[in-house]
Chemist: 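Please read through the structure below; I'll follow up with questions.
When reading the values below, keep in mind they use all heavy atoms of this one structure, side chains included, and skip hydrogens, waters and symmetry mates.
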Amino acid sequence: MNATDTTEFFGQEKISKILFKLAPPVMFAQLIQALYNIVDSLFVGKYSDSGLTALSIIYPIQLLMIALAVGTGVGINTVMAAKLGIGNKKEADEYAGVGTPLAIVLWLLFAGICWLIMPGYARMSTNSVTVINDVIVYGRIVCIFSFGLFLESVWTKVIQANGDMKTPMIAQVIGAVTNIIIDPLLIFGMFGLPEMGIGGAAIATVAGQIVAAIIVWKKGFRKSPSKKLYPQYIKKIFQMGLPNILMQSAYTFYILGLNLILATFSDQAVTTLGLYYKWQTFFFIPLGAMQTCIVPVISFNYAAKSIDRCKKTLFTSVAFGWVLMAIGTLCFETIPAQMLHVFTKDALVIEIGRIGFRFIGVGFIPMVTSLIFPVFFQAVGYSFKSSALTVIRTVFLFVPLGYLFSRFGLNLFWLTFPVTEIITSIVGYVFYRQFIKNFE
C-alpha cells in the first residue's frame with residue numbers, strides 16, 4: 001500500500017470497513033496462536049501434571065519477553081503510522097531500519113538475564129523438585145532461542161504500519177502449525193525422535209517463532225539508517241512503545257503476584273490460574289485484534305488532526321469488542337468444568353476452576369474498555385495516561401485486591417478480576433473525557 005492509498009484508506013474510508021478489513025487477518029492469526037497455546041498445554045498436560053504447573057509458573061516470564069518484543073514493534077509501528085500520515089515515507093522507513101539491530105540487542109540482553117535467574121525464579125515459585133526442573137528446562141530454552149520472536153515482532157509491525165495484515169497472518173499461521181506438528185513428536189518421542197517431555201514443547205515453541213520470522217523478513221526488513229540517527233530514533237520508538245511494554249510487562253508482575261498468593265492455597269490453585277490464561281488467549285482474540293488494528297488508524301488520523309475519526313475508531317472498536325467478548329462470558333459462565341477437562345483430570349483443579357471461571361467471566365465486558373483505553377492514549381501520543389491506566393490496573397488493583405479477597409478464602413479471591421476491570425474502565429473514561437475537552 002503506497003502513501004496515497006494509505007491516506008485514502010486510513011483517512012477517508014468508513015471506520016467499520018477499515019476494521020472489518022484489518023481485523024479478520026489479525027483475528028485468524030491470533031486464533032491459530034491461541035490454538036497452538038492450547039494444544040501446547042494439552043500435550044504437556046497429558047505428559048505430566050508437573051509440566052502443566054511449570055507452564056503456569058513460566059507464563060509470566062514469557063509475557064515479559066513478549067512485552068519487550070511486541071512493545072518495541074508497536075513503538076516502531078506507531079511512529080511509522082504517524083510519519084506516513086503526513087506523507088513522510090522516507091523517515092518512516094528509517095525508523096523501520098532501526099528495528100532489526102534494536103531487536104537483536106534486546107534479545108541478547110533478555111536471553112542472558114533469563115539464563116542466570118531461571119533457577120532462582122523456579123525455586124521462588126514452588127517447592128516441588130520436579131516442577132522446578134521443568135521450569136528451568138522450558139524457561140531457558142524459550143528465552144535463549146527467542147531471537148525469532150524479537151525479529152518477527154518488529155518486522156510484523158513494520159509490515160502492518162503499511163496496511164498489510166495478510167503477510168503477518170500467513171507467518172503466524174505457518175509458525176503456529178509448525179509448533180503444533182513438532183509438539184507431540186518431541187514431547188512423546190514419536191517416529192524415532194527422542195522423548196524430551198517439556199523440553200520438546202519448548203523447542204517446538206521457538207521453532208514456530210523462527211519460521212514466522214523467516215516469512216516476514218523479506219517485507220519487514222529495512223536498511224539501517226545512519227548510526228547518528230539511532231539515539232533520537234530509539235528514544236522516539238520507546239516513547240511510543242513504552243505504554244505497550246509497560247502494559248504487557250505489568251501482566252508479568254501481577255500474574256507472578258497472583259501466583260504467589262494462590263501458592264499459599266495449593267499448587268492446583270496456581271495451575272487453575274494458568275489454565276484460565278490459556279483459555280483467555282483464545283477468547284480475547286477479538287479484543288486483541290481491535291487493539292492491534294486501531295493503533296495505526298488512530299495514530300494516522302490524530303496526526304492528520306481528524307479527532308472525530310479517532311473518536312469513531314474508539315467507539316466502533318469498543319462496540320465490536322463488547323459483542324464478541326459476550327461469547328467468552330457465556331462460555332465461562334455455562335461450561336467452566338468442561339473447559340478445564342480439556343487439560344486436566346485433577347478433580348481439585350476442576351473444582352477450583354469451576355467457581356473461579358464464573359467469577360472471572362463477569363469481568364469480560366468491562367475488560368474491553370479497560371484494555372482499549374490505554375491503547376487509544378498510546379496511539380495519540382498521551383503516553384502518561386496510557387501508562388497510568390496500566391499501572392493502576394496491574395499494580396494498584398490486581399495484586400492488592402487479590403491479596404485482600406484471598407483473606408476471605410480462595411473462592412472470593414476470583415472477585416479480583418471483575419472488580420479490577422470495572423474500576424480501570426471508570427478511570428479510563430474519566431481520562432478520555434479530559435482528553436476530548438481539549439478539542440471541544
Side-chain angles (χ1 to χ4, degrees), residues 6 9-31 33-34 70-71 73-74 77-78 81-82 85 156-157 160-161 163-165 168-169 240-241 243-244 247-248 280-304 306-329 363-383 385-386 389-390 393 421-422 424-433 435-436 439:
T6 300
F9 183 61
F10 285 152
Q12 300 173 22
E13 183 63 85
K14 188 177 180 181
I15 298 298
S16 59
K17 288 185 178 179
I18 294 175
L19 295 181
F20 275 127
K21 181 176 180 179
L22 296 182
V26 177
M27 290 176 66
F28 183 69
Q30 291 182 355
L31 172 62
Q33 292 287 314
V70 175
V74 167
N77 175 282
T78 305
T156 286
K157 295 304 179 184
Q160 289 176 342
D164 180 0
M165 299 293 175
M169 177 197 72
M240 293 293 101
N244 188 275
M247 182 167 63
Q248 297 295 330
Q280 181 204 67
T281 304
F282 181 78
F283 285 104
F284 281 22
I285 290 169
L287 188 54
M290 289 302 107
Q291 288 177 297
T292 298
C293 295
I294 67 174
V295 169
V297 180
I298 293 175
S299 182
F300 180 97
N301 285 286
Y302 185 70
S306 181
I307 302 303
D308 283 343
R309 285 183 66 80
C310 293
K311 292 165 61 176
K312 288 178 182 177
T313 303
L314 174 67
F315 294 154
T316 303
S317 64
V318 168
F320 285 167
W322 278 342
V323 171
L324 297 170
M325 284 295 286
I327 299 173
T329 300
F364 279 6
I365 300 301
M367 190 182 294
V368 173
T369 44
S370 174
L371 294 181
I372 284 185
F373 274 131
V375 174
F376 174 84
F377 289 119
Q378 170 201 332
V380 297
Y382 279 56
S383 57
K385 289 185 182 294
S386 180
L389 286 173
T390 299
R393 180 174 182 264
E421 307 305 351
I422 291 170
T424 306
S425 291
I426 292 172
V427 176
Y429 181 74
V430 171
F431 284 178
Y432 172 74
R433 289 305 309 163
F435 168 80
I436 291 299
F439 303 95

Chemist: Got Thr390 and Arg393 here, is their nearest side-chain heavy-atom distance under 4.5 Å?
Modeler: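 Thr390 vs Arg393: side chains apart.
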Chemist: Mark yes or no for whether Ser317, through its side chain, and Leu314, through its backbone, hold a donor-acceptor pair below 3.5 Å.
Modeler: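 It does hold such a pair.
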Chemist: Does the ring centre of Phe431 sit less than 6.0 Å away from the ring centre of Phe373?
Modeler: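 Between Phe431 and Phe373, which both carry aromatic rings, the centre distance is not below 6.0 Å.
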Chemist: Please indicate whether Tyr429 has more than 12 foreign heavy atoms, meaning atoms of other residues, nucleotides or ligands, lying under 6.0 Å from its OH.
Modeler: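 No, not enclosed.
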Chemist: Taking the side chain as every heavy atom from C-beta outward, state whether Pro168 and Gln160 have any atom pair closer than 4.5 Å.
Modeler: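 Of all side-chain heavy-atom pairs linking Gln160 with Pro168, at least one is under 4.5 Å.
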Chemist: Atom CZ in Phe300, atom OG1 in Thr313: separation rounded to 0.5 Å?
Modeler: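 Spacing of CZ (Phe300) from OG1 (Thr313) equals 11.5 Å.
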Chemist: Could you tell me if the side chain of Val368 sits less than 4.5 Å from the side chain of Ile372, heavy atoms only?
Modeler: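 Counting from C-beta outward, Ile372 and Val368 do come under 4.5 Å.
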Chemist: Taking atom CG of Leu389 and atom CZ of Phe377, what is their separation to the nearest 0.5 Å?
Modeler: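 Leu389 atom CG to Phe377 atom CZ measures 6.5 Å (nearest 0.5 Å).
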Chemist: Between Ala303 and Ala82, which heavy-atom pair has the shortest distance, and what is it?
Modeler: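 That closest heavy-atom pairing would be CB-O, 4.1 Å.
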Chemist: Check for a donor-acceptor pair, side chain of Ser425 on one end and backbone N or O of Pro366 on the other, with a separation under 3.5 Å.
Modeler: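 Flag set: sc Ser425 to bb Pro366 pair under 3.5 Å.
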Chemist: Would Ile426 and Ile422 count as a side-chain contact (heavy atoms from CB on, under 4.5 Å) here? Give the steps.
Modeler: CA-CA 6 Å; Ile426 292 172; Ile422 291 170; 4.1 Å; yes
Chemist: Please check if the distance between the ring centroids of Phe376 and Tyr382 is under 6.0 Å.
Modeler: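 Ring-ring flag for Phe376/Tyr382: false, centres at least 6.0 Å apart.
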Chemist: If every non-hydrogen atom of Tyr302 is compared with every non-hydrogen atom of Cys310, which pair is closest and at what distance?
Modeler: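 In this case the closest contact between Tyr302 and Cys310 is N-SG, 3.5 Å.
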Chemist: When rounded to the nearest 0.5 angstrom, what is the spacing between OG1 in Thr329 and CE in Met367?
Modeler: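 Interatomic distance, Thr329 OG1 to Met367 CE, rounded to 0.5 Å: 9.0 Å.
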Chemist: Side-chain contact test, heavy atoms from C-beta onward, threshold under 4.5 Å: evaluate it for Phe284 versus Gln291 and give yes or no.
Modeler: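 A side-chain contact under 4.5 Å is absent here.
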Chemist: So, Gln378 and Ser386: side-chain donor and acceptor under 3.5 Å apart, yes or no?
Modeler: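 Note: Gln378 and Ser386 side chains miss the donor-acceptor criterion.
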Chemist: Could you measure the distance from the OG atom of Ser370 to the CZ atom of Phe364? Nearest 0.5 Å is fine.
Modeler: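 If we round to the nearest 0.5 Å, Ser370:OG and Phe364:CZ are 12.5 Å apart.
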Chemist: Nearest 0.5 angstrom please: Thr316 OG1 to Lys311 NZ, how far?
Modeler: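 One gets 12.5 Å once the value is rounded to the nearest 0.5 Å.
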Chemist: How many angstroms lie between CE in Met169 and CG in Asp164, if you round to the nearest 0.5 Å?
Modeler: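 If I round to the nearest 0.5 Å, the distance is 9.5 Å.
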Chemist: Hey, does the side chain of Asn77 reach the backbone of Gly73 with a donor-acceptor pair shorter than 3.5 angstrom?
Modeler: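 Not a single qualifying donor-acceptor pair exists.
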Chemist: Taking all atoms of both residues into account, what is the closest heavy-atom pair of Trp322 and Thr369, and its distance?
Modeler: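 Between these two residues, the closest heavy atoms are CZ2-CG2, 3.9 Å.
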